[in-house]
Structures are given as C-alpha cells and as structure tokens.
There are 2 protein chains.
Amino acid sequence: MATTRIIDDDRLTAVGLLVEVHRGLTNKFAARLAQHGLSENELEILLRLGRTPNCQLRMSDLAAQTSLTTSGVTRVVDRLERAGLVARASCDTDRRGTWAVLTDTGLERVTAAVADHIEDVDRWYTGLLTPEQLTGLTDALRIVRDTVRPEAVAGIAEAARARTHVGV
Amino acid sequence: MATTRIIDDDRLTAVGLLVEVHRGLTNKFAARLAQHGLSENELEILLRLGRTPNCQLRMSDLAAQTSLTTSGVTRVVDRLERAGLVARASCDTDRRGTWAVLTDTGLERVTAAVADHIEDVDRWYTGLLTPEQLTGLTDALRIVRDTVRPEAVAGIAEAARARTHVGV
DNA sequence: TTCAATATTTTGCGCCGTCAACCATTGTTA
DNA sequence: TAACAATGGTTGACGGCGCAAAATATTGAA
C-alpha cells in the first residue's frame, strides 16, 4: 500500500534536498568566514567586486547580481566601508549613482578569506563528488539558474569602461 | 593567457551556482506561499509535522530537522499556534518537553498550500530537467546532504510511539 | 525653460531568527 | 536522600534585511 499523500510528493523532497544542502553548507562555511570577519553576503559582494575589471560596481548592479534589495546592499556596503574593505565613489556620468570600489585591503582580505573558504567548499561539497557527478550537478543547476535568475549578470561591461580610482 | 586568480576558482562558482538557485527559487516560491499566509520556514515545519505518524514532533526535534535554533522553532511555533495551525501539548514521559501537534485546520492549510506550491516547484525546478538530469541532481545532493547534515532525521520513531491527542 | 515622470540610493520601521541567560525537569553520583 | 551536571524550552536584547517613503539627480515633453 503505497502512500499517495500530496505531502510526500517527490518534487517536494527534491527541493527539500536542495534547501537542506544549502543550509548545511552555509552553516559549515559560516565559522571559517567569521574568522575572517566576513558574513556570506559580505564575501559575495567582495567577490563580485573583485571579479570586475576595475574592482567596482554600481550599487544597483550589486543588488541585481546578489538578489539583495538595494537597501540591503546599502547596508552591507556600509559595513564593508566602515571596515575599510570597500569605498564609495560618485559616478561622473550619472550623478545619481555611486560606485562601490574594492580597496586594496579589501582585495587582500577577500583573497585570504577565499583561500580558506575554498578548502571548506572542497571538503563539504565539490570534493564529495566524482568529476562526472559534479559536472552533472552544475549543469543541471545552471539550467535552473538561467530561468529563475536571468538578470544575474548586470553592469559588468559598463564597469569595465569606467575607471574610478580610489585610495592612494 | 588564462586567468588563474584564486577568486575565479571553479569550486567557488560551483557553490555560487547552488546559492543562486536556492535564492532564485526561494523568491519564486515566496509570493505564492504568502497567498496562503505562510513563510518558507512555517511551511517546512508544518510539512515535517504532517509527515510524522501522529502529526507531532518535539520542539527540539523540529530544531534538529530544520536547522533552526530551538529558539527559532519556539517563535515559528508561536506564530503557527496563534494562527491555529499547530497546538502545543505537554509530554507525559518528560515534563520538560513539549510536542508541537498539527491541528486539523493546520493539516488542511498545509495540504492546500502544498498543492499550489508543487506547481511552482515543477515550473521552476523539477520540470526544467530531464528525468535523468533530475535523478542525477538529487543523487548528488543526497550525498552532500548526508555528510553536511547527518542529524536531519530526528525523533520520528519516538513520535510514532507517542499518541497525544489535541483538539476534540 | 519649466515641470512632470523616472531612476538611483538612502532611511525609518518592522519582522524574523540568533545568542545568551534563564527556569524547570531529569539523571547521576555519593 | 542531597547535590549537581545535563537536557528541553522560553525570553530579552540585538542585528540583518525587506518594504515603502524620502531625498537627490536625470530625462522628456510642452
């Protein structure tokens, strides 16, 4: 007698699995990141800045990429700025906007944090799977990502053109 | 000239993908759940209760299963109790403990919510993948889940034995 | 030019969940 | 039995983030 309750639907457990993995990893990562004085959101913002040609991105682009609210980005950048890892620079071409610019110490900090972080990622995630499993996983995830968050690549080209210098 | 910056490590983008998918799905699901007056955490607690033999679970077991804090579970159950979806019942064998028991209206509510929710899950997640992709994905996720959250199956056997009745 | 409509960011307020402290109960050891 | 650590749950203080409104800058139209 198979149970056919809607509450046991396979699709439900499939998302459940994703959620559990996400939470589990987040918890595993949090401790080490805290040693570097960073939260996951802060790390992500630093990473996105660091990957950009001139290490800078508009606040609204950060919001689009991270799926934080613009308000959320404001506050995260506030903290990072207070910590000296990011600086704000006004945008010449559109004086409504502000660049968030990764400082030198910000780059150092994120580099150090990432080195440790990758160890954890490998231990708790990528290292648990065979290469085939991993590519299968990421391919599938990419399909889902592209439909649930198509806007995730904002402002990179634009930022490459601008050249705002900070520090020094 | 390949870029070899640590910040671009493949493993990093692999987790990034997972995080993006999780956030994207969460956002997609939130609206519909809100129509049923539920948050994702609330739905999860109701689901876990509903899947249990007598629709009841100890507070601490809920905490272990959901990776909320016990304090967090207290507050979520507070809200659900206020809404009449869950009731608290004292535990006979250990008077420190309390059962969270799904009420009849709670069961109705979660059933209705899940019906809609599954549609969304299918549209934004499981329905986007071929059966092979999906099983590959869940198999891989299960491997990760079992190592990052081995404690995720708490209190079910125990709850089956207890038979606390609430309402009527 | 002037004014309305729009875009970018910040701020006030509130919800949600964590942390740490706390109370009640249980089990253990003597 | 008393004394005490360990366990289960709740509460107060606090921080992070979203929502909506405000502040500022830009664009378009008359």
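Letters A, B, ... mirror the listed sequences (proteins, then strands); counts begin at 1. Being a predicted model, the structure only gives us computed values, none of them experimental.
Residue contacts shown for B:T74 include a base, since a base heavy atom lies under 4.0 Å away. Base contact: B:T70 has a heavy atom under 4.0 Å from a base atom.
Taking the side-chain contact (heavy atoms from CB on, under 4.5 Å) definition, one finds that A:T138 meets it with A:L134, A:R142, B:A14, B:L17, sequence neighbours left out. For A:E81, the salt bridge (charged side-chain N to carboxylate O under 4.0 Å, His left out) partners at least two apart in sequence or on another chain are A:R88. Applying the side-chain contact (heavy atoms from CB on, under 4.5 Å) criterion to A:Q133, with sequence neighbours excluded, gives A:L129, A:T130, B:I143. B:T105 meets the side chain to side chain donor-acceptor pair (under 3.5 Å) test with B:T103; sequence neighbours excluded.
Rounded to whole angstrom, the span from the CZ atom of A:R58 across to the P atom of D:dT26 amounts to 11 Å. Atom CZ in A:R95 sits roughly 16 Å away from atom P in C:dT8 (whole-Å rounding). Between the C1' atom of C:dT25 and the CG atom of B:D92 lies a distance of 14 Å, rounded to the nearest Å. Atoms CZ (B:R88) and P (D:dG9) sit 10 Å apart, rounded to a whole Å. Atom pair A:W99:CH2 and C:dT8:C1' shows a separation of 13 Å (rounding to whole Å applied). Going from atom CD of B:E40 over to atom C1' of D:dG18 covers 16 Å, rounded to whole Å.
Residue pairs meeting the ring pair (Phe, Tyr, Trp, His ring centres under 6.0 Å) criterion with at least one partner in residues 53-95 of chain B, sequence neighbours excluded, are absent. A ring pair (Phe, Tyr, Trp, His ring centres under 6.0 Å) check over residues 61-93 of chain A, counting only residues at least two apart or in different chains, returns nothing. Within the structure, side-chain hydrogen bond (donor to acceptor under 3.5 Å, both in side chains) pairs that include any residue of residues 106-118 of chain A comprise A:H36-A:D116 (at least two apart or interchain).
The shortest distance between side-chain heavy atoms of B:V114 and B:L43 falls below 4.5 Å.
Five base pairs at each end of the helix from C:dT1-D:dA30 to C:dA30-D:dT1 define two local axes, and these are offset by 10° (rounded to 10°).
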List every contact pair, protein side and nucleotides 13-17 of chain C side both N or O, where the distance is under 3.5 Å.
from   : atom 1 : to    : atom 2 : distance (Å)
C:dG17 : OP1    : B:N41 : ND2    : 2.4
C:dG17 : OP2    : B:R79 : NH1    : 3.3
C:dG17 : OP2    : B:R79 : NH2    : 2.9

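For B:D139 and B:T135, the side-chain atoms include no donor-acceptor pair closer than 3.5 Å.
Judged by atom type and distance alone, B:R96 reaches the base of C:dT25 through a side-chain donor-acceptor pair under 3.5 Å.
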